[in-house]
Amino acid sequence: MKGFFITLEGPDGGGKTTQAKLLLEFLEEQGRPGLHTVEPGGTEIGRAIRALVLNPRWRQMASRTELLLMAADRAQHVAEVIRPALAAGLVVVCERYVDSSLAYQGYGLGEDLRLIDQANELAAGGLLPDLTIVLDVEPATALARTACRTQRDRIEGRGLEFQARVREGYQKLCAAFPERMHLISAEGDVKAVHRRIAELVASRIPGRG
């Protein structure tokens, strides 16, 4: 059975973790075993990188440093987790991947998109998702959802204007890559959002044969 690679993208507070878990349950029901993983932090090395990147203490971190740390996490993640899982025939459901770098460090922080593409190519070796689902949410709603956390991480704490640029970046990416990337509203009922995701995945994922 051939593996299938799905990524969940979107601004912080969009509900990616909740929807990833619901999607894994749906896939299991369809007889397609899956693997849930995340970026940054999908490996032991990646968790160390995640702790560094998201720590509010390092507010002086340069945008290019952030980009390269994310790429380092991705390189380890692809080698250690994603490629082996796909080779084993699993459906990989990954929260964040190459498009996050474009949206956050590119559209959000102003890094050169061509440079980010090069970093992604080096880190991922050309491996792109079969399907990318972007959970779209108003920046104000997203910030309200993360407000209940004890402390926002370094990236969540950048405020409304940054989140708006990230959201616009995702919308532009969806327009540029309509075959792979699909925008789904994350507003409202969790189960309704899941149904929209499940319908999309069912229409794209190959059968067990």
| message | Test: ring-ring contact (aromatic ring centres under 6.0 Å, His included). Region: residues 59-104. Which pairs qualify, not counting sequence neighbours? | response |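 Listed once each, the pairs are Phe5-Tyr97, Tyr104-Phe162.
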| field | Pairs touching residues 25-60 that satisfy ring-ring contact (aromatic ring centres under 6.0 Å, His included), sequence neighbours left out | value |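 Of all non-adjacent pairs touching residues 25-60, none passes ring-ring contact (aromatic ring centres under 6.0 Å, His included).
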Sequence-distant partners of [X], salt bridge (Lys or Arg N to Asp or Glu O under 4.0 Å), two or more places apart:
| X | result |
| --- | --- |
| Glu28 | none |
| Arg180 | Asp99 |
| Asp117 | none |

| Between Ser63 and Leu109, which heavy-atom pair has the shortest distance, and what is it? |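 Ser63 and Leu109 have their closest heavy atoms at CB-CD1, 3.7 Å.
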| field | Over all atoms of both residues, closest heavy-atom pair of Arg32 and Pro206 | value |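 Closest pair (atom of Arg32, atom of Pro206, distance): NH1-O, 2.9 Å.
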Decide, yes or no, whether a salt bridge links [X] with [Y] under the criterion of side-chain N to carboxylate O below 4.0 Å.
| X | Y | value |
| --- | --- | --- |
| Arg195 | Glu199 | no |
| Arg114 | Asp112 | yes |
| Arg96 | Asp12 | yes |
| Glu95 | Arg50 | no |

| task | Report yes if the side chains of Glu138 and Arg167 come closer than 4.5 Å at any heavy-atom pair, otherwise no. | result |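 Of all side-chain heavy-atom pairs linking Arg167 with Glu138, at least one is under 4.5 Å.
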| query | Any side-chain heavy-atom pair from Asn55 and Arg154 closer than 4.5 angstrom? | reply |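 Side chain of Asn55 against side chain of Arg154, heavy atoms only: no contact under 4.5 Å found.
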| request: Compute whether any side-chain donor of one residue and acceptor of the other, for Glu9 and Thr132, lie under 3.5 angstrom apart. | output: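 Result is no, nothing qualifies.
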| What's the verdict on side-chain contact (heavy atoms from CB on, under 4.5 Å) for Ile133 and Val201, showing C-alpha distance, side-chain angles and the deciding distance? | CA-CA 9 Å; Ile133 298 164; Val201 170; 4.0 Å; yes
| query | Is it true that atom CZ of Arg64 has more than 12 heavy atoms of other residues, nucleotides or ligands lying nearer than 6.0 Å? | reply |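 It does not: Arg64 CZ has 12 such atoms or fewer within range.
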| query | Are Lys21 and Glu25 close enough, and set up right, to give a salt bridge (charged side-chain N to carboxylate O under 4.0 Å, His left out), and what steps lead you there? | reply | CA-CA 6 Å; Lys21 291 176 180 177; Glu25 292 174 5; over 6 Å; no
| query | Could you go step by step and tell me if Arg204 and His182 meet the side-chain contact (heavy atoms from CB on, under 4.5 Å) rule? | reply | CA-CA 12 Å; Arg204 294 290 299 272; His182 297 263; 3.0 Å; yes
| query | For Pro139, which of Gln163, Glu168, Glu161, Arg165 qualifies under side chain to side chain contact (heavy atoms under 4.5 Å, CB included)? | reply |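 For Pro139, the side chain to side chain contact (heavy atoms under 4.5 Å, CB included) check succeeds only for Gln163.
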Side-chain polar contacts of residues 118-129 - donor-acceptor pairs under 3.5 angstrom, sequence neighbours left out - could you list them?
from   : atom 1 : to    : atom 2 : distance (Å)
Asn120 : OD1    : Arg74 : NH1    : 2.7
Asn120 : ND2    : Val98 : O      : 3.2

| task | Let me see the working for Glu39 and Thr7 under side-chain contact (heavy atoms from CB on, under 4.5 Å), right down to the final yes or no. | result | CA-CA 10 Å; Glu39 286 195 2; Thr7 53; over 6 Å; no
| Can Val81 and Leu35 be said to form a side-chain contact (heavy atoms from CB on, under 4.5 Å), step by step? | CA-CA 9 Å; Val81 176; Leu35 172 73; 3.6 Å; yes
